Amino acid sequence: MKLWRWNLHAAIATLAVSPLMLGWAWSLPLLNQPDGWLRGGRHEQTAFAAERVALPPLAPAETQPLVARVTTYRTEAGDTLTALARRFGISVDTLRWANALPEDDRLPVGTDLLVLPVSGVLHTVVAGDTVANLAERYGVTVERLVEANGLAEPAAPLGAGQRLLVPGAQPLPPTPATQTAEWPAPGTGDHHKRQFIEAAAAAAQDSQRRLGVPASVSIAQAIHESYWGTSKLAREANNFFGIKARNGEGSAGTYWMDAWEVVGGEDVVVPEPFRAYNNPAESFLDHGMFFLQNSRYHGAFKYSEDARRFAKAIAEAGYATDPEYAAKLIHIMDQYDLYQYDLH
């Protein structure tokens, strides 16, 4: 018993004099002894030593691909683009590209920003995209693209609407789409409306063929959202569906336009970013991509063969706040027999 007390006092004295000596004097002999050394007369001392030198397990290494680490940040008072880029360790351009922001360092309070884990761009997959051709177009290696997005292999199929992170890249220059029909100048009257429908039908059918949105629904939405192509957004930015550029710009960049908003119970006019396109066909294709990219609309695709039910499903999913939105679309489809343009 006296020997045990002496050992304990000696241990305390050693701890008081030098923690470093304690680490060397106790941990190394313990690691060099056979298992049986922990048994017998020195059990108390060695058990105490084992408890002192036990290390917590290492945290698991980060295994998520970069694309899974894209986050959202809501801006606060005093935030600037430069300061946020520095905080998140990415370039200012990366923040601007991901959120379609203008050339301005200031940020409105309460804006939700997409934040990439590294500098680069987000690419939304369209029909025909492959890992190989995207790597070539963006000037990155196939291996880097596969690793950043957790793809099974370079030949892994990509789905329309899938989002890929391309580290170190810059946005691709817009590629004009082939114009498939002559679009009318804004006007009024039955002739103009019929011309608008026929031009929209070609773009809507291409969207349905690639993405599955009934052509009749796309045409009806374009009529309703752009007022038969007369809206400023349609005329100046080829945006026929009012899609904003909060989560990515259009093929021709971003078009800023004043819009009415309700802030604190008051009507105010604030500049809003909208997607801009090279031509109407690109607007229709991006409209279909919009449904694929937003999971709340995925249930509507169960009704790809039933345009009326598809229109009701997107309305119920929150496409518009108007409770009569679906009824208005169906009325347009019925009035102009837009179902004839649906592909079956």
Side-chain angles (χ1 to χ4, degrees), residues 176-245 250-260 269 272-291 297 300 307-315 317-343:
T178 302
Q179 191 81 13
T180 56
E182 182 180 354
W183 285 81
T188 59
D190 290 339
H191 175 72
H192 161 78
K193 291 180 179 180
R194 180 52 54 186
Q195 190 179 5
F196 181 92
I197 290 173
E198 290 176 355
Q205 287 176 336
D206 184 48
S207 176
Q208 180 177 5
R209 191 177 295 111
R210 297 190 190 192
L211 305 170
V213 179
S216 57
V217 175
S218 296
I219 299 170
Q221 285 193 280
I223 291 171
H224 181 72
E225 300 290 343
S226 72
Y227 306 101
W228 294 94
T230 63
S231 71
K232 183 179 180 181
L233 192 59
R235 289 184 286 108
E236 298 188 6
N238 284 312
N239 187 330
F240 286 77
F241 301 94
I243 298 178
K244 292 184 179 180
S251 56
T254 303
Y255 180 84
W256 285 82
M257 188 174 72
D258 287 343
W260 286 97
V269 176
E272 289 284 354
F274 291 86
R275 296 182 184 182
Y277 307 96
N278 296 294
N279 52 57
E282 292 181 353
S283 177
F284 274 73
L285 188 60
D286 195 42
H287 165 257
M289 295 286 292
F290 177 81
F291 289 129
Y297 299 115
R308 291 184 177 90
R309 295 193 67 179
F310 191 98
K312 291 178 181 178
I314 61 173
Y319 190 90
T321 57
D322 182 358
E324 300 299 320
Y325 188 74
K328 291 177 180 178
L329 293 184
I330 293 171
H331 175 72
I332 294 172
M333 292 190 287
D334 290 345
Q335 182 177 2
Y336 298 98
D337 188 23
L338 300 183
Y339 310 107
Q340 64 182 299
Y341 300 105
D342 288 334
L343 302 176

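For clarity, every value in this text was computed on a predicted model and none was experimentally measured. The analysis underlying the following values was restricted to heavy atoms, covering all of them including side chains, and did not include hydrogens, waters or symmetry mates.
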> Does the side chain of Glu198 come under 3.5 Å of the side chain of Tyr341 through a donor N or O and an acceptor N or O?
Replying inline: no
> Asp342 and Ser216: side-chain donor and acceptor closer than 3.5 Å?
Replying inline: yes
Any idea which heavy atoms bring [X] and [Y] closest together, and the distance?
{"X": "Leu343", "Y": "Gln205", "answer": "CD1-O, 3.5 Å"}
{"X": "Ser207", "Y": "Gly288", "answer": "OG-CA, 4.0 Å"}
{"X": "Ala234", "Y": "Gly229", "answer": "CB-O, 4.0 Å"}
{"X": "Pro280", "Y": "Asn238", "answer": "CD-OD1, 3.5 Å"}
{"X": "Leu329", "Y": "Ala311", "answer": "CD1-CB, 4.3 Å"}
{"X": "His224", "Y": "Ile332", "answer": "CB-CD1, 3.9 Å"}

[X] side chain to [Y] main-chain N or O, any donor-acceptor pair under 3.5 Å?
{"X": "Ser231", "Y": "Tyr227", "value": "no"}
{"X": "Arg275", "Y": "Ala245", "value": "no"}
{"X": "Gln208", "Y": "Ala215", "value": "yes"}
{"X": "Asp206", "Y": "Arg209", "value": "no"}

Pairwise side-chain contact, [X] with [Y], heavy-atom cut-off 4.5 Å (strictly under):
{"X": "Glu236", "Y": "Phe274", "answer": "no"}
{"X": "Ile330", "Y": "Lys312", "answer": "yes"}
{"X": "Arg308", "Y": "Asp334", "answer": "yes"}
{"X": "Val217", "Y": "Ile314", "answer": "yes"}
{"X": "Gln221", "Y": "Tyr325", "answer": "yes"}

Parallel, tilted or perpendicular: which describes the rings of [X] and [Y], with under 30° parallel and over 60° perpendicular?
{"X": "Tyr319", "Y": "Phe290", "answer": "perpendicular"}
{"X": "Phe284", "Y": "Phe241", "answer": "perpendicular"}
{"X": "His287", "Y": "Phe291", "answer": "perpendicular"}

Separation of [Y] [atom2] from [X] [atom1] (nearest 0.5 Å):
{"X": "Lys244", "Y": "Asn239", "atom1": "NZ", "atom2": "CG", "result": "11.5 Å"}
{"X": "Gln195", "Y": "His192", "atom1": "CD", "atom2": "NE2", "result": "8.0 Å"}
{"X": "Tyr336", "Y": "Ile219", "atom1": "OH", "atom2": "CD1", "result": "12.5 Å"}

> What do you reckon, are the aromatic ring centroids of Phe240 and Tyr277 less than 6.0 Å apart?
Replying inline: no
